[in-house]
Student: 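Below is a structure I'd like to ask you about.
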Amino acid sequence: MPLRVYNTLSRQKEDFQTVESGKVSMYLCGPTVYKPAHIGHMVGPVIFDTIKRYLTYSGYNVTWVVNITDVDDKLINRANEKGITVEALAKEMTQDYFDNLKTMAVDGIDHFPYATQHIKEMQEIIATLIEKGFAYPLDGDVYFNCTRDEDYGKLSGRSLEQMLAGTRAETHGGKRHPADFALWKGSKPGEPAWESPWGPGRPGWHIECSAMAKKILGDSIDIHGGGLDLMFPHHENELAQSESCTGKPFARYWMHNGLMQASGTPGKVGGGHDKQGDRPADLAAAKEAQEANKLAGSKGAASVKELFSRHDPETIRFFLLATHYRSPIDFSDERISETGKALEGFYRLFETYERVAGNSFYSLKVATKRSESAVLHGEPAAYFHELNELRRRYLESMDDDFNTGGAVGVLFDLRKTLNAFISDHKLDSASAEKGQVPSLTAGMTLLKELALMLGVFREAKQKAASTDDGTLDGLMQLVIQIRADARKNKNFAVADLIRNKLNELKITLEDRTDQTLWRKG
RNA sequence: GGCUCCGUGGCCAAGUGGCUAAGGCAACGGAUUGCAAAUCCGUCAUCGUCGGUUCGACUCCGACCGGAGCCUCCA
């Protein structure tokens with residue numbers, strides 16, 4: 001079954017066909033680096049990182065570009081507020097962005113072009129557009145001429161007439177059409193400025209992406225991604241200016257990810273038959289609360305770094321991928337904690353595997369290409385048949401517009417299969433059927449192969465080693481020994497007291513037939 | 001007002017024109033355990049409402065109700 005991708009341009013899933021066979025060029029609109037990233041900024045990178053992993057696994061050679069917008073009104077304003085230069089602010093926030101990507105295990109980005117380093121390329125595009133009649137200078141600015149662009153609006157499904165009807169904002173004096181947007185903005189004194197044929201100024205918002213995508217990936221790219229909020233006007237305008245400039249299709253597939261939303265917004269509770277919301281006062285309050293809860297642009301949205309202090313980044317990544325990328329994600333601490341609980345089961349399985357097989361799940365060697373991933377054979381046949389079936393289902397989900405939610409479901413099924421296998425053959429006990437361990441390893445290897453495409457379970461968790469030099473474990477072994485003696489003497493009151501007190505300290509004991517294990521949490 | 005999109009079990013969330021509507025969290029029953037924990041086995045939905053198309057719809061179309069986003073340089 002071929003890979004299918006939902007294309008915003010056609011509003012449907014299409015068979016995936018690249019411009020150049022075997023290669024994929026991918027451009028994702030990156031951040032304007034004016035404030036610390038919040039969780040919403042990580043959605044795109046995590047999703048497209050996963051997409052790249054899957055495409056690479058599927059045999060494509062992928063080049064992925066994410067731009068850094070380091071000149072913009074927001075930057076100028078913020079820098080002024082903080083009393084620092086635009087460059088200093090941009091540098092600081094870019095580093096913040098990079099740190100967050102690393103923590104989120106997003107490592108597939110090949111190029112990070114900076115807007116300020118591509119002014120020349122932008123000016124070239126603007127000059128070409130003027131030459132072709134798609135743009136006109138006006139008092140030091142340059143505007144794109146929307147009316148000249150026959151299919152303007154094709155991405156977001158708007159027509160110029162509609163936009164005219166909806167606009168009541170005053171338009172810049174000489175603009176020929178209210179929808180015309182700035183390619184070049186003449187600068188006011190004190191603002192960052194570059195020389196240009198139209199006077200000193202800085203680039204408009206959309207032109208940077210056109211310029212950098214063209215320079216690094218060529219006139220026609222395969223995948224252009226970004227948040228749904230960028231579809232209009234950003235992507236629409238980017239598309240318009242790029243195609244008007246080159247006369248070629250700009251991007252084959254436009255992919256838009258859903259936006260992060262804070263949960264607890266009024267109206268969500270009550271199931272729709274709640275009459276309380278009908279009173280105007282409540283409606284107003286609800287609206288206000290929604291604004292406050294809205295993540296995008298909200299000053300109150302927690303930074304990613306702050307979030308990392310409360311949740312494991314792997315959990316956050318898994319959480320983001322458990323929902324389809326085109327759906328809005330309902331974000332809350334509770335949701336993430338729930339995901340954390342779900343992941344516990346995997347970590348338990350990895351520990352069990354290490355006890356059973358004597359080597360770490362994380363050190364298993366796996367196929368990194370679909371073509372290298374062989375169909376599994378072995379005994380028991382039913383078990384191997386199931387493994388192959390799960391693998392098939394997983395790839396089928398991913399082939400269907402990168403349905404990571406479905407793929408995640410398969411991972412849980414695989415976990416269950418492996419746990420059942422361990423249970424059936426008593427592998428985690430003194431009476432283990434040792435001959436079955438290689439079969440377990442085959443299943444664990446499959447689990448790792450599939451998980452790696454999502455960018456999870458890549459390496460073992462750091463065991464808070466910084467604050468513990470082994471003293472705690474030594475102490476725990478002592479306590480466990482004392483408790484074991486008590487149990488042997490049927491002094492369960494003492495044994496239970498120890499266990500309960502440890503529970504209060506967030507330490508859990510597991511009595512197995514041959515030993516007692518402990519863990520935090 | 002215009003343009004997109006969504007409404008699946010207590011909560012979250014995949015999916016499909018007809019064969020058992022994934023999975024997670026929670027809950028419940030059983031196995032196991034001194035009791036727990038972990039694990040295993042099992043139970044728990046007719047898919048917002050009303051119409052229509054169809055041999056057949058949760059899946060397609062329409063209306064309605066409810067929700068979200070964009071139309072204001074937010075990923």
Side-chain angles (χ1 to χ4, degrees), chain A residues 8 11 28-32 35 37-45 47 69 72-74 153 156-159 161-167 169 181-182 185 204-206 225-234 237 256-261 263 265 267-268 270-274 277 290 294-298 301 319 322-324 326-328 330 332 334-335 337-345 348-349 351-352 393 397 400 403-413 415-416 419-424 428 487 490 492 495-496 499-500 503 508-513 516-519:
Chain A
T8 304
R11 312 265 170 199
L28 176 70
C29 285
T32 300
K35 64 176 184 184
H38 64 248
I39 179 65
H41 293 114
M42 292 294 115
V43 177
I47 285 159
T69 298
D72 177 88
D73 289 355
K74 290 195 295 282
S156 57
R158 293 153 208 260
S159 67
E161 297 75 61
Q162 283 168 355
M163 294 174 55
L164 207 53
T167 313
F181 55 92
K185 294 172 156 182
W205 177 30
H206 321 293
L228 202 53
D229 53 339
L230 293 181
M231 189 167 88
F232 187 90
H234 183 57
N237 293 347
H256 290 99
N257 60 270
L259 304 179
M260 184 69 76
Q261 288 171 285
S263 73
T265 49
K268 191 137 190 111
H273 293 293
D274 189 352
Q290 279 183 5
K294 192 174 161 188
L295 269 168
S298 161
F319 166 75
T323 302
H324 191 95
R326 277 189 279 119
S327 304
D330 187 34
S332 71
E334 291 70 43
R335 282 282 88 75
S337 297
E338 201 175 275
T339 304
K341 275 186 219 159
L343 285 181
E344 280 294 317
R348 291 285 147 60
L349 173 59
E351 288 161 13
T352 304
R393 274 176 52 206
S397 284
D400 181 15
N403 181 2
T404 55
V408 161
V410 176
L411 247 34
F412 281 107
D413 282 340
R415 179 180 83 184
K416 182 165 285 241
N419 272 139
F421 188 77
I422 290 169
S423 175
D424 287 351
D428 193 22
R487 291 178 69 211
K490 305 245 183 264
F492 296 121
D496 291 350
R499 191 173 59 200
N500 292 337
N503 263 333
T508 306
L509 292 186
E510 266 187 52
D511 290 327
R512 304 185 151 271
T513 49
T516 295
L517 304 173
W518 72 275
R519 66 168 181 276

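Each chain gets a letter, A, B and so on, in the order its sequence line appears, and its residues count up from 1. Bear in mind the structure is a predicted one, so any value in this text is a computation, not a measurement. Side chains are part of it too, since the values below use all heavy atoms of this structure and drop only hydrogens, waters and symmetry mates.
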Student: Under a 3.5 Å distance rule, please check whether A:D400 uses its side chain to pair with a backbone N or O of A:N403 as donor and acceptor.
Tutor: no
Student: Atom NE2 of A:H256 and atom C1' of B:C6: how far apart are they, to the nearest Å?
Tutor: 18 Å
Student: Roughly, in whole Å, what's the span from NE2 in A:H234 to C1' in B:A75?
Tutor: 10 Å
Student: What integer distance in Å separates A:R393:CZ from B:A22:P?
Tutor: 10 Å
Student: Can you tell me the distance, in whole Å, between the CG atom of A:D330 and the P atom of B:U8?
Tutor: 12 Å
Student: Reckon A:S327 touches a base, only the sugar-phosphate, or nothing at all at heavy-atom distances under 4.0 Å?
Tutor: sugar-phosphate
Student: Scan A:G227 against the nucleic acid and name what it touches under 4.0 Å (heavy atoms): base, sugar-phosphate only, or nothing.
Tutor: sugar-phosphate
Student: If the P atom of B:C3 is compared with that of B:C19, how far apart are they to the nearest Å?
Tutor: 36 Å
Student: If you compare all heavy atoms of A:R415 against all heavy atoms of A:G345, which two are closest, and at what distance to 0.1 Å?
Tutor: NH1-CA, 3.4 Å
Student: Output the rounded distance in Å from CD (A:Q261) to P (B:G7).
Tutor: 13 Å
Student: Applying side-chain hydrogen bond (donor to acceptor under 3.5 Å, both in side chains), name anything that partners A:H206, two or more places apart in sequence or on another chain.
Tutor: A:H234, A:N237
Student: Show your working on side-chain contact (heavy atoms from CB on, under 4.5 Å) between A:K74 and A:K35 and close with a plain yes or no.
Tutor: CA-CA 9 Å; A:K74 290 195 295 282; A:K35 64 176 184 184; over 6 Å; no
Student: Measuring only the P atom in each nucleotide, how far is B:A13 from B:G69? A whole number of Å is fine.
Tutor: 15 Å
Student: When we call it a touch if two heavy atoms are under 4.0 Å apart, what does A:G30 touch: a base, just sugar-phosphate, or nothing?
Tutor: sugar-phosphate
Student: Base, sugar-phosphate, or nothing: which does A:G44 touch, judged by heavy atoms less than 4.0 Å apart?
Tutor: nothing
Student: Let me know the distance between CE of A:M231 and C1' of B:C71, rounded to the nearest Å.
Tutor: 10 Å
Student: With sequence neighbours excluded, what pairs up with A:R326 under the salt bridge (Lys or Arg N to Asp or Glu O under 4.0 Å) test?
Tutor: A:D401
Student: Check salt bridge (Lys or Arg N to Asp or Glu O under 4.0 Å) between A:D496 and all other residues, then give those that pass, not counting sequence neighbours.
Tutor: A:R499
Student: Starting from the C-alpha separation in whole Å, work towards a yes-or-no answer on side-chain contact (heavy atoms from CB on, under 4.5 Å) for A:L228 and A:N257.
Tutor: CA-CA 6 Å; A:L228 202 53; A:N257 60 270; over 6 Å; no
Student: Expressed as a whole number of Å, how far does the C1' atom of B:A63 sit from that of B:U46?
Tutor: 23 Å
Student: For nucleotides 31-43 of chain B, just jot down a letter per nucleotide in 5' to 3' order: B, S or -, based on protein non-hydrogen atoms under 4.0 Å.
Tutor: ---BBBBSSSS--
Student: Taking the nucleotide of RNA chain B with the closest heavy atom to each, which residue, A:R11 or A:D413, is nearer the 5' end?
Tutor: A:R11
Student: Between B:G48 and B:A31, how far is it from one C1' atom to the other, in whole Å?
Tutor: 41 Å
Student: Using atom NZ of A:K341 as one end and atom P of B:A13 as the other, report the distance to the nearest whole Å.
Tutor: 16 Å
Student: Work out how far the C1' atom of B:G15 is from that of B:C6, and round it to whole angstrom.
Tutor: 15 Å
Student: Looking only at atom C1', what distance separates B:G7 and B:C58, rounded to whole Å?
Tutor: 12 Å
Student: Less than 4.0 angstrom from a charged side-chain N to a carboxylate O is my criterion; do A:E344 and A:K341 meet it?
Tutor: no
Student: Taking for each residue the nucleotide of RNA chain B bearing the nearest heavy atom, is the 5' side occupied by A:T323 or by A:G405?
Tutor: A:T323
Student: According to salt bridge (Lys or Arg N to Asp or Glu O under 4.0 Å), who are the partners of A:K416, at least two apart in sequence or on a separate chain?
Tutor: none
Student: Starting at atom CD of A:E338, determine the distance to atom P of B:G24, rounded to an integer number of angstrom.
Tutor: 12 Å
Student: Determine the interatomic distance between C1' on B:U8 and the same-named atom on B:C44; round to the nearest Å.
Tutor: 15 Å
Student: Which is true for A:H324 with a 4.0 Å heavy-atom rule: it touches a base, it touches only sugar-phosphate, or it touches nothing?
Tutor: sugar-phosphate
Student: Give the intermediate values and the outcome of side-chain contact (heavy atoms from CB on, under 4.5 Å) for residues A:R348 and A:R519.
Tutor: CA-CA 10 Å; A:R348 291 285 147 60; A:R519 66 168 181 276; 2.6 Å; yes
Student: In whole Å, measure the gap between the P atoms of B:U72 and B:C12 for me.
Tutor: 33 Å
Student: Using the criterion of both pairing distances under 3.5 Å for Watson-Crick and G-U wobble pairs, give all stems of 3 or more consecutive pairs involving RNA chain B.
Tutor: B:1-7 with B:65-71, B:10-12 with B:23-25, B:27-31 with B:39-43, B:48-52 with B:60-64
Student: Which heavy atom in A:R487 sits nearest to a heavy atom in A:A495, and how many Å separate them?
Tutor: CG-CB, 3.5 Å
